[in-house]
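In this text the structure is predicted, and so the values were computed from the model without any measurement.
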Amino acid sequence: MIKELTVNRQMMNDPTVKPPRISSDIEWSPKSCGWDCRFVYYEDKRRRRRHLGHLTSRKLEAIPETERQTVVTSWVQEKKLAKGVSL
């Protein structure tokens, strides 16, 4: 039983590499083995969050730290265009 708990904790998301902050309308939340990207907007005084995509920890770690900001920003813009969210 104890061995199962340690294995499950290792399998859970341990976000050592966080995605860069892009703008105030993009929110990152840790989920399973990566990060969920959400677009935050307000509609009739209610806060709405639209799911844009999921970025795995492995893909994020594979991006060099010097290029991470530009690569993730372009990824978010592609997702916004695909979902029809206005820039």
Side-chain angles (χ1 to χ4, degrees):
M1 181 74 173
I2 293 174
K3 190 174 184 177
E4 278 184 38
L5 289 175
T6 55
V7 169
N8 288 340
R9 281 204 176 156
Q10 289 173 354
M11 290 172 60
M12 287 174 50
N13 184 25
D14 184 22
T16 54
V17 178
K18 294 183 179 181
R21 182 167 171 81
I22 296 172
S23 64
S24 61
D25 61 346
I26 298 297
E27 178 182 90
W28 296 96
S29 58
K31 183 143 187 184
S32 68
C33 59
W35 295 88
D36 269 351
C37 179
R38 297 188 182 273
F39 176 70
V40 180
Y41 63 98
Y42 289 88
E43 181 180 281
D44 297 329
K45 297 183 181 181
R46 297 185 74 190
R47 185 173 183 252
R48 303 282 186 183
R49 300 181 322 154
R50 185 166 183 190
H51 184 265
L52 292 178
H54 183 81
L55 187 61
T56 62
S57 295
R58 287 186 181 176
K59 285 185 182 178
L60 193 59
E61 289 173 357
I63 302 170
E65 192 172 341
T66 55
E67 300 173 10
R68 195 170 291 153
Q69 179 78 30
T70 55
V71 171
V72 173
T73 302
S74 64
W75 180 83
V76 168
Q77 288 176 350
E78 287 176 14
K79 295 294 182 178
K80 278 184 172 182
L81 289 173
K83 297 276 182 165
V85 176
S86 63
L87 301 172

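Annotation: the span from Lys59 atom NZ to Trp75 atom CH2 amounts to 8.5 Å, rounded to 0.5 Å. The OG1 atom of Thr73 sits 4.0 Å away from atom CD1 of Ile22, with the distance rounded to the nearest 0.5 Å. To the nearest 0.5 Å, the span separating NZ on Lys18 from OG on Ser57 amounts to 12.0 Å. Within the model, atoms CG of Leu52 and CZ of Phe39 stand 7.5 Å from one another, a figure rounded to the nearest 0.5 Å. From Thr70, atom OG1 reaches atom CD1 of Ile63 across 8.5 Å, with rounding to the nearest 0.5 Å.
The shortest heavy-atom contact between Arg68 and Leu60 is NE-O, 3.5 Å.
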Side chain to side chain contact (heavy atoms under 4.5 Å, CB included), that's the test. Do Arg50 and Lys83 meet it? Break it down for me.
CA-CA 9 Å; Arg50 185 166 183 190; Lys83 297 276 182 165; 4.0 Å; yes
Candidate pair Trp28 and Val76, rule side chain to side chain contact (heavy atoms under 4.5 Å, CB included), full reasoning:
CA-CA 11 Å; Trp28 296 96; Val76 168; 4.0 Å; yes
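Scanning for side-chain contact (heavy atoms from CB on, under 4.5 Å) contacts around Ser23 gives Asp25, Ile26, with sequence neighbours left out. A search for side-chain contact (heavy atoms from CB on, under 4.5 Å) contacts involving His54 returns Lys31, Ser32, Asp36, Thr56, not counting sequence neighbours. Among residues two or more places apart in sequence or in another chain, the side-chain hydrogen bond (donor to acceptor under 3.5 Å, both in side chains) test is passed with Ser24 by none.
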Please tabulate, one pair per line, all N/O donor-acceptor pairs under 3.5 Å involving side-chain atoms of residues 41-49, not counting sequence neighbours.
{"from": "Arg47", "atom 1": "NH2", "to": "Glu27", "atom 2": "OE2", "distance (Å)": "2.8"}
{"from": "Arg49", "atom 1": "NH1", "to": "Glu27", "atom 2": "OE1", "distance (Å)": "2.4"}

